> 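I'd like to ask you about the structure that follows.
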Amino acid sequence: MEASATTIFNNLALANVASILAALVPVQKGNVISWVLQDALALGVLAVNPAPKDITSVSQLEKLNLDLQNRWVFKNAYDLPNVGNRTDWYTDTVFAGQQFVGTNPTTIKAAPQELVAEFVGEAKKQNLQDVVDYLGSLTLDSLYVQDYRDFRDAVGVASDADLKDGDGDGARFQCAAVVLFNLSADGVLHPLAIVIDYKQSVANSVTIFNKRLRASDSAASEATDWPWRYAKLCAQTSDWARHEIEVHLTDTHLVEEVTIVAALRAFADTHPVYTLLSPHWLRTLSLNASARNTLVPQIIMRIVGFTEDQSYKFINYSFNNFDWEGSYPPNDLKRRGFPTDQAELDGPKYHNYAFARDILPMWNAIKSFVHEMLAISYTSDSDVASDADIQTWCDEIRGDDAGKLKSFPAKIETLAALEDAISFCIHIATNQHTAVNYLQQYYMTFVPNKPAALCVPLPKTLAELQQYKEINIVNSYPVNRPAEWLLSSHVPWLLSFRVEDKNSLSKYAQSLFQVNAGKKSPKPAEVATATAAKNFYDSLVAFTDKMLQVSKSLDDQTIPYTVLHPAANAVSILI
Ligand SMILES: *[C@@H]1O[C@H](CO)[C@@H](O)[C@H](O)[C@H]1NC(C)=O
Ligand SMILES: *[C@@H]1O[C@H](CO)[C@@H](O)[C@H](O)[C@H]1NC(C)=O
Ligand SMILES: *[C@@H]1O[C@H](CO)[C@@H](O)[C@H](O)[C@H]1NC(C)=O
Ligand SMILES: CC(=O)N[C@H]1CO[C@H](CO)[C@@H](O)[C@@H]1O
Ligand SMILES: [Fe+2]
């Protein structure tokens, strides 16, 4: 099962990133990456990856992005279009869209009443009567938030401390933004207000209200509304941390790893749970090793606005707060204030939330498959309750000297509970990871859309923010920090390689069918497995149609949302 760093990551991409690292990391002998570095340096890849310098406008960065895409050779991270291809990439529409179909479509949630009240109070304080009236006219069920208020708790600093890594010229800054959105009855998500860095209360922080209070307001001034664009940049930077450290690294890679290691300890390789789960482990553990040795310490730590210790605390915090059952897709949608009824999700109000509309049918497809497969070995709840290996699995996942994943069920004593737990292991390894991984290239290679940190301190007052011009945004980007720029743009690309066809979910269903259907005198279990695999495959075909239909129904037709295509949905956390 061990795989080297170069098999996991596409060779050339790793060489690229390695060469960037070489420029700033003293080569560590014996580290996986050190021998790759030699190759990369020989290729001189770094030399052909220009990072921006002497930049004074955002349009220069847009142009650089397109120029790199138009090169003849060495396109590397720029061999595919990215969000910078859209002339409207910075707009409210595209910003809002990313909450539903971007790299992190998993944390937008219903706005809590007390938080809305704080925004209303702030609007009063700012004498924005029209905002007060407008917010007053909205009902709670149309208000949603992206809420990064917990960052200071997560990294263990005082509730009013600045979030930063380093001092002086090379310092990087992070913020804990809060974004208030309105979701209209016809499905338009529109940002109303942003707290750029929440310190103790809205009143004690810098909060800006969108001049375009209504989505229908003229878009003419959007491009030059620099204070508002800066606030959106803060929100995107907060989301970088939420997405990469929590949603991606912790909630998929690390959580899945715990279930895998526990399963390896609890089950013999002939155990039905083992056979169901193991196809979804392909390379995941070796990848953890790479993530631990290389990605986290050498890449993430070099671009985020948290110190190394804070970043590890953030991982701990995310892991300790991971809610296993609460994260089952229907439970997750419910806790975030979205419907769990497919017809309602497909209706006008939620029709732009393609991730949600896709994730439920995929969850159901996996559950049906797991249900059929479990029926081969277990006929009743008591069969499950008396399976000591399942209890060992639970103990290994939760144990203090083992997985420490406390929200995993202490006991699994019914078929339904076993079906859910196994389905969720498969779900994390496939749908969930795929959804938060593969769009990194599109949304993050173009650094201005979503940088990992801000390069200058945030404004301390609203008056200061109101004076912001284009140059303040440009200076917040790592434009004079080539290593940070190149890592920020190339790592998302490195992580976004599509799986080979043979490692897709639909191929898995197909091969499982073929292996079991091809027997001369099949055993009953093989016949049943073939049937389950066939049904699963059929449900993936049906899902493909559904997904395409969902994508075609989105208001924004610039790029399709097909990340969960079963022929591309990875069978395991491969990268
Ligand atoms: C993205 O922009 C580049 C540069 O203008 C262009 O070559 C490429 O075709 C564009 N791709 C798409 C899909 O628009
Ligand atoms: C906000 O949502 C409400 C409820 O559907 C709607 O009446 C209002 O027009 C929406 N506003 C915007 C800006 O979309
Ligand atoms: C993370 O938690 C583990 C125990 O769960 C602890 O040993 C470690 O010191 C913690 N790390 C940080 C940075 O807090
Ligand atoms: C290959 C590898 O290093 N796997 C490790 C992943 O992490 C767990 C601990 O959570 C280790 O036990 C594995 O050995
Ligand atoms: Fe990943």
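All ligand and atom numbering here is 1-based and tracks the order in the structure. Bear in mind the structure is a predicted one, so any value in this text is a computation, not a measurement. Computed over heavy atoms, backbone and side chain alike; hydrogens, waters and symmetry mates excluded.
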> To the nearest 0.1 Å, how far is atom 11 (N) of ligand 1 from its closest protein heavy atom, and which atom is that?
Asn85 ND2, 2.9 Å

> To which of Ala96, Ala185, Ser142, Pro348 does the heavy atom nearest atom 5 (O) of ligand 2 belong?
Ala185

> Hey, is atom 2 (O) of ligand 2 touched by any protein heavy atom at less than 4.0 Å?
yes

> Looking at Lys124, I want to see if its NZ is surrounded by more than 12 non-hydrogen atoms of other residues, nucleotides or ligands under 6.0 Å.
no

> Below 4.0 angstrom from a heavy atom of Arg214, which ligand 2 atoms are there? Numbered from 1 as shown, please.
13 (C)

> Among the N/O/S atoms of His253, which is closest to the Fe ion (ligand 5)? Give the atom name.
NE2

> Please determine if Tyr134 has a nitrogen or oxygen closer than 3.5 Å to a nitrogen or oxygen of ligand 2.
yes

> For the aromatic rings, using the six-membered ring if either is Trp, is the centroid distance between Tyr328 and His427 under 6.0 Å?
no

> Considering all protein heavy atoms, does one lie under 4.0 Å from atom 9 (O) of ligand 1?
no

> Give me the nearest non-hydrogen protein atom to atom 12 (C) of ligand 2 as residue plus atom name, then the distance to 0.1 Å.
Asn182 ND2, 2.9 Å

> Is the ring pair Phe314/Phe306 parallel, tilted or perpendicular, if the boundaries are 30 and 60 degrees?
perpendicular

> Show me which atoms of ligand 2 lie under 4.0 Å from any heavy atom of Ala215.
13 (C)

> When you measure from atom 4 (C) of ligand 1 to every protein heavy atom, which one gives the shortest distance, and what is it?
Asn70 ND2, 3.2 Å

> Consider every N or O of Leu213 and every N or O of ligand 2, then say whether any pair is closer than 3.5 Å.
no

> Can you name the ring-ring contact (aromatic ring centres under 6.0 Å, His included) partners of Phe446, sequence neighbours left out?
Trp89

> For residues 222-229, which side-chain donor-acceptor pairs fall under 3.5 Å, sequence neighbours excluded?
from   : atom 1 : to     : atom 2 : distance (Å)
Glu222 : OE2    : Asp92  : N      : 2.7
Trp228 : NE1    : Asp92  : OD1    : 2.8
Arg229 : NH1    : Ala223 : O      : 2.8

> Can you tell me which residue and heavy atom of the protein come closest to atom 7 (O) of ligand 2, and the distance to 0.1 Å?
Leu138 CD2, 4.9 Å

> Evaluate the ring planes of Phe322 and Phe424, with Trp represented by its six-membered ring, and classify them as parallel (under 30°), tilted (30 to 60°) or perpendicular (over 60°).
parallel

> Using the ring centroid of each side chain, check whether Tyr353 and Tyr350 are separated by less than 6.0 Å.
no

> Do Asn569 and Thr430 pair up side chain to side chain, a donor and an acceptor below 3.5 Å, judged on atom types alone?
no

> Tell me yes or no: between the side chains of Gln60 and Thr56, is some donor less than 3.5 Å from an acceptor?
yes

> What is the closest protein heavy atom to atom 13 (C) of ligand 1, and at what distance does it sit?
Pro81 CG, 3.5 Å

